[in-house]
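Only one structure is covered here, and it is reproduced in the block below.
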Amino acid sequence: MADRWSTEGRSSEPRRRLGRSFFDRPTVRVARALLGTTLVVRDGAEERSVLLSETEAYLRGDPASHAFRGPTRRNRSMFGRPGTLYVFRIHQVVCANLVTRCGEAVLLRAGTPNLGADGRTSGPGRLCRYLGLTLSDDGRDATRDRRVMVLARGRRPRAVAVGPRVGIRQAVERPLRFAIRDEPSVSRPRPGRPPTSASPSRSRGDGSSRRTRRRRRPSSAGGTSGGRTGGR
DNA sequence: CCTCGGATCAGCT
DNA sequence: GCTGATCCGAGGA
């Protein structure tokens, strides 16, 4: 029961471990509130931690979310209690989320290592790799688990950049990516960059500009480009 | 059973 | 900026 954890990084005072109530809030709020917190992963005697610098929110009814089509064997952790770790693999790369409310979660995209400073921690795959998170960590309860925990931040970030999420093909324009401005660990492209009138490259307006996957099998060229709830 | 395509990353143009 | 690697879950036949 480590309620407190002495970090030797930037702050000398111990920080509280975040509990259920922190995660049991609207996902966007949690995604922002996670910026500046410390994620700790223990592996026996060894331990690594990062100051979270970049997150993304995945909501209910969100076509980009793994939970969009309901629970499956792979995404079941997303329907767990607030604070549950949802770890998945894509292209041989492991990524981690923290579940907020049922079916919603926050993807952990980047962090700044607390020890020293080396280690590639920009991007969800590299972050997990640095921390040593694997598929076996899927389903852990980060509010109680002995190996994975999240510690409260000292101060809230001075400025938060907001932008569209990375790497998705659905709901690409929703501003659900959050990052601490000026943190070097934030992955590219850096969010929050105001649309310069000189750069017309609006990339993907509607039809994904990202290569139209074409393998063999023409079968039926499905041009399903729809679904885009324009909230605000 | 078979096929599609991905919440990424590295590497080349 | 754009492409390929690479493999397994999800979903349809």
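Below, read A as the first sequence line, B as the second, and so on, with proteins coming before strands; counting in each chain starts at 1. Just so you know, these numbers come straight off a predicted model, no measurement behind them.
- You'll find that the side chain of A:Arg73 is closest to C:dA10, out of C:dA10, B:dA7, C:dG11.
- B:dC2 and C:dT6 are spaced 23 Å apart, taking the P atom of each and rounding to whole Å.
- Looking at A:Ser122, its side chain does come within 3.5 Å of a backbone N or O of A:Ser185 through a donor-acceptor pair.
- The side-chain tip of A:Arg25 points at the ring of A:Phe22 from less than 6.0 angstrom away and within 45° of straight on.
- Among the heavy atoms of the strands, none lies under 4.0 Å from A:Glu56.
- A:Thr37 is not listed as a side-chain neighbour of A:Leu51, based on a closest heavy-atom distance of 4.5 Å or more.
- A:Asn75 places its CG atom 12 Å from the P atom of B:dA7, with the value rounded to the nearest Å.
- Nucleotide B:dT8 holds its P atom 10 Å from the CD atom of A:Glu54, rounded to whole Å.
- Proximity of A:Tyr58 to A:Thr27: side-chain heavy atoms (C-beta onward) are nowhere separated by under 4.5 Å.
- Nucleotide B:dA7 holds its P atom 18 Å from the CG atom of A:Leu98, rounded to whole Å.
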Show me the side-chain donor-acceptor pairs of residues 79-87 of chain A shorter than 3.5 Å, one per line, residues at least two apart or across chains.
unit_1: A:Thr84; atom_1: OG1; unit_2: A:Arg81; atom_2: N; d: 3.3
unit_1: A:Thr84; atom_1: OG1; unit_2: A:Arg81; atom_2: O; d: 2.6
unit_1: A:Tyr86; atom_1: OH; unit_2: A:His66; atom_2: ND1; d: 2.8

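- Residues A:Glu54 and A:Phe178 are not in side-chain contact: their nearest non-hydrogen atoms beyond the backbone lie 4.5 Å or more apart.
- For DNA chain B, the neighbouring residues in residues 100-110 of chain A, judged by any heavy atom under 4.0 Å, are A:Leu107, A:Arg109.
- Within a 6.0 Å radius of CZ in A:Arg20, other residues, nucleotides and ligands contribute more than 12 heavy atoms.
- In this entry the distance linking CZ of A:Arg74 with C1' of B:dC4 reads 13 Å, nearest Å.
- Here the C1' atom of nucleotide C:dG9 and the CG atom of A:Asp138 are 13 Å apart, to the nearest Å.
- Atom-to-atom, CD1 of A:Ile90 to P of B:dC4 comes out at 18 Å; the value is rounded to the nearest Å.
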Base-pair string, DNA chain C, Watson-Crick plus G-U, cut-off 3.5 Å on both distances, | for inter-strand, is |||||.||||||.
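- Atom-to-atom, CD of A:Gln170 to C1' of B:dG5 comes out at 12 Å; the value is rounded to the nearest Å.
- At least one test fails for A:Arg74 against the ring of A:Phe88: distance under 6.0 Å to the centre or angle within 45° of the axis.
- In this structure, CE in A:Met78 is found 14.5 Å from CZ in A:Arg101, a value given to the nearest 0.5 Å.
- Side-chain atoms of A:Thr112 and A:Val50, non-hydrogen and from C-beta on, never get closer than 4.5 Å to each other.
- Proximity of A:Arg126 to the phosphate of B:dA10: a side-chain N or O atom is located under 4.0 Å from OP1 or OP2.
- Between the NE2 atom of A:His91 and the P atom of C:dG9 there is a distance of 14 Å, rounded to whole Å.
- In terms of phosphate contacts, A:Thr72 brings a side-chain nitrogen or oxygen within less than 4.0 Å of OP1 or OP2 of C:dA10.
- Between the side-chain ring of A:Phe88 and the base of B:dA7, no stacking contact exists by the 5.5 Å and 30° definition.
- Phosphate proximity of B:dG6 to A:Arg169: present, with a side-chain N or O under 4.0 Å from OP1 or OP2.
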